[in-house]
Amino acid sequence: MLTVNEIFHSIQGESTHAGRPCVFVRLTACDLRCSWCDTPYAFHEGRKMTIDEVVAAVDRHGCPLVEITGGEPLLQDDVYPLMERLLAEGRTVMLETGGHRPIARVPRDVVKIVDVKCPGSGEADRNEWRNLDALAPHDEVKFVVKDRADYEYARDVIARDRDVNAYENEIDEKCVELLALHQPAASDLRFITTAMKIVTDLERIGDQAVNIAQRALELNREPQLKPYMDLPRMAEKAQAMMKESLDAFVARDTALARRVRGEDEAVDALNHQIFRELLTFMMEDPTTITRAIRLILIARFLERVADHATNIAEMVIYLVESKIVRHTVG
Ligand code: SF4
């Protein structure tokens with residue numbers, strides 16, 4: 001059963017399919033509240049329909065192109081069988097999603113139009129960055145740009161993603177080639193598998209950097225809440241940990257890797273200290289809440305960068321000593 005806001009026949013106005021006749025199936029409900037939303041009527045209004053009833057309503061328009069939109073269509077579980085059914089009947093099926101729900105379960109043949117929410121939407125911290133890695137060649141990404149800051153954000157996301165993905169693919173391909181052609185054993189095999197895992201951590205660090213940049217853009221539009229002392233210290237430590245973990249990998253230096261592991265506690269302590277301090281600000285003056293939350297999020301993202309650096313350091317120890325130290329002390 002689906003809750004459907006409206007089904008109508010019109011001209012597709014967006015994407016590379018713009019200009020084509022299209023049937024739109026708008027599903028009810030959305031868990032975002034974009035500042036510029038033009039379909040708030042889809043948040044609550046709708047009627048229950050079975051998949052058969054939706055397909056029959058689509059059929060009446062005799063149109064081969066269908067877009068499922070919202071609201072947020074991926075909030076309703078029956079959207080998946082609906083997409084399968086429409087594909088099975090030979091239609092081109094498009095799905096527009098806000099970009100904060102995982103798209104992994106969406107059938108591969110569906111053309112996914114995935115939003116990346118820019119800071120001007122007020123929902124940029126909800127972006128699910130892993131969706132960008134799950135896109136098929138026929139899928140598309142949509143940015144709604146409200147102002148210059150949004151434009152620069154969109155441009156940076158595209159550039160960053162292109163660079164990081166290119167490096168990630170290059171390293172993955174090189175590792176697979178080494179495995180296939182040279183059938184390495186023991187330490188060489190550990191080196192290749194370690195490199196493949198490190199690439200994933202580096203990609204996640206890239207995601208955290210984008211998250212920090214989003215909050216920084218928002219904070220730059222507002223008066224500074226307080227002089228920043230611990231946050232720059234935390235950023236310096238997290239950056240140093242990342243650099244040292246990679247140096248340890250290159251030099252196969254387990255002493256340095258162990259030092260990086262030990263530094264994680266200091267970053268965690270700074271994170272707690274920042275949280276406690278900002279909590280006091282929020283309790284004393286509620287007008288500081290929004291800015292304080294942005295700063296708390298930045299501290300949390302930095303803590304995750306340090307966690308990824310720790311993962312890399314632990315993999316270096318595994319590489320050199322063939323010893324798994326994750327979840328152990330020392
Ligand atoms: S995701 Fe779409 S429906 Fe939801 S609030 Fe944003 S613009 Fe509106």
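Just so you know, ligand 1 is whichever comes first in the structure, and atom 1 is the first atom listed for that ligand. What you see is a predicted model, and the numbers here were worked out from it, not measured in a lab.
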Problem - Taking atom 8 (Fe) of ligand 1 as the reference point, the nearest protein heavy atom with its distance - result: Cys37 SG, 2.3 Å
Handout entry: Nearest protein heavy atom with distance in Å, relative to atom 6 (Fe) of ligand 1
Key = Cys34 SG, 2.4 Å
Which of the atoms in ligand 1, numbered in the order shown and given with their element, are less than 4.0 Å from a heavy-atom of [X]?
X	result
Gly71	3 (S)
Trp36	7 (S)
Cys30	1 (S), 3 (S), 4 (Fe), 5 (S)
Thr39	3 (S)

Practice task
Flag the pair Arg261 and Glu314 as a salt bridge only when some basic side-chain nitrogen lies within less than 4.0 angstrom of an acidic carboxylate oxygen.
Solution key: yes
Exercise for the section: State whether Lys117 and Asp125 are salt-bridged, where the test is any N-O pair (Lys NZ or Arg NE/NH1/NH2 against Asp/Glu carboxylate O) under 4.0 Å. Expected result: no
Exercise for the section: Tell me which one of Lys117, Glu123, Arg126, Glu72 gets a heavy atom nearest to atom 1 (S) of ligand 1. Expected result: Lys117
Problem - Cation-aromatic face contact Arg26/Tyr41, 6.0 Å, 45 degrees - result: no
Practice task
Measure centre to centre between the rings of Phe191 and Phe249, then say whether the value is under 6.0 Å.
Solution key: yes
Problem - Side chains of Val260 and Met242 in contact at under 4.5 Å (non-hydrogen atoms) - result: no
Problem - Residue pair Met94 / Ser15, side-chain heavy-atom distance below 4.5 Å - result: yes
